[in-house]
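To start, the structure under review is shown below, and the notes come after it.
This chain uses plain numbering: 1 for the first residue, then up along the sequence. The analysis underlying the following values was restricted to heavy atoms, covering all of them including side chains, and did not include hydrogens, waters or symmetry mates. Ligands are counted one by one from 1 in listed order, and the atoms in each one are counted from 1 as well.
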Amino acid sequence: MALIVQKFGGTSVANAERIFNVANRVVETYDQDNDVVVVVSAQGDTTDELIEKAKEINPRASKREMDVLLSTGEQQSMALLAMAIEKIGRPVVSLSAWQVGLMTDSNYSNSRIKRIVGNRIQAELDKHKIVVMAGFQGINKFDDVTTLGRGGSDTSAVAVASALGADLCQIYTDVRGVFTADPRIVPDAVQLNDISYDEMLELASLGANVLHNRSVEMAKKYNINLEVLSSLEKAPGTIVKEANSVEKMLVRGVARDNDIARISLVGVEDTPGKAFQIFAHLAKKKVNVDVILQSIGRDGKKDISFTVPSSQLEATRKTLDENSGMIGAEHIDINENVSKVSIVGAGMASNPGVAATMFEALYDAGININMISTSEIKVSVLIDKPYAEDAVRAIHAKFHLDAKRD
Ligand code: ASP
Ligand code: MG
């Protein structure tokens, strides 16, 4: 007997038929003598629809009220799934974040989980009930409802798995697992059997869109084995786990991120402390700056370029405006027509040739590189958006990622 946390995303519970499909999966696990805690997301596009509804009323609604509204999506799902399990005839109870005691900080719309208080879930499991809980939502110290940021239900699942000491945390989604590239771009992309937390973190933040970033961070911190798998097909998924038990491939995957913008501050005064001041102001506004490039000074001036997620472009613009006196740039250029394409692999740390091979693939495909950044386990390039998919395909082929796997 094991304790298993199963999380089902929005597409997996999109309609009545899918909810029964999920209910059957859950019951199957329960009938194999396991304790099961299920975490659900809002059905289909519910969260987006709720956001649209709010906009009709007040496009500048407070984040607190947005959280009250958005949390209802998950609440619907948990009740509907519990009803389906009741109908199949197994004992079940649905619980909101409030009932579970899932406490977060007060950063509305993007809260972090602090801890789970009380033992309501365990008490229900002790009664041999299947527990269905709402993902994405939490409660702060003011007893207000919070949400964890888009895609946050994955993180709810990992938090619960960690609090309960679960044996496995399964993330059911609409894909079979983690692939060497997005199969919609690269048809011969191959599914990975396993991947390390660090590689997955890079892929998640690089736009692979399989798991919520913070869920992987938390799984790594508490050493929770995650399995990403399909709710629609019965097939083994991809296990995300500790690096030492993972095959160290040079390159594990190629990711593309279209949701970024490049900012160039042209003709900034070339004095010590400029970069510090600019990026400190952006950090204060919680802007996530990624690739940074500074030109060599000439005539007492230099250029500083960097990328930010599209979602933070407005905040970036505002911060730069407010500090335009200090920055003193001759001119600021914002380019949203860019993509970041990256390779990730724990084995590249000690292999200097990897970046060159990637650049060669781009050269062969006639694709120009705007910016480059590297870390121990990844190389990213910024290129013009129209070439992003070609770039992914070219790099995937160059590293023979289609052939090497089973
Ligand atoms: N329903 C929320 C969203 O769409 C949370 C989630 O799906 O994980 O972002
Ligand atoms: Mg969702």
request  = Looking only at non-hydrogen atoms, find the nearest pair between F136 and S156 and report the distance.
outcome  = N-OG, 2.8 Å

task = Work out whether the distance between some heavy atom of E74 and some atom of ligand 1 is less than 4.0 Å.
result = yes

message = So which atom in V210 and which in V175 form the shortest heavy-atom distance, rounded to 0.1 Å?
response = CG1-CG2, 4.3 Å

query = Going by the angle between their ring planes, with limits at 30° and 60°, are F306 and F279 parallel, tilted or perpendicular?
reply = perpendicular

request  = Look at the side chain of D105 and the backbone N and O of N107, then say whether any donor-acceptor pair between them is shorter than 3.5 Å.
outcome  = yes

request  = Give the single entry among G73, S215, S153, A134 that approaches atom 8 (O) of ligand 1 most closely by any heavy atom.
outcome  = S153

request  = Would you mind running through ligand 1 and noting each atom that sits below 4.0 Å from a heavy atom of R150?
outcome  = 3 (C), 4 (O), 9 (O)

query = Is there side-chain contact between I19 and Q43, with heavy atoms separated by less than 4.5 Å?
reply = yes

request  = Test side chain to side chain donor-acceptor pair (under 3.5 Å) on T146 and D67 and set out the steps.
outcome  = CA-CA 5 Å; T146 56; D67 282 0; 5.4 Å; no

message = Is it the case that ligand 1 has an N or O less than 3.5 angstrom from some N or O of G151?
response = yes

request  = Could you tell me whether ligand 1 has any atom less than 4.0 Å away from a heavy atom of G152?
outcome  = yes

request  = Compute the minimum heavy-atom distance from G10 to ligand 1 and say whether it is under 4.0 Å.
outcome  = no

query = D154 to ligand 1: N or O pair under 3.5 Å?
reply = no

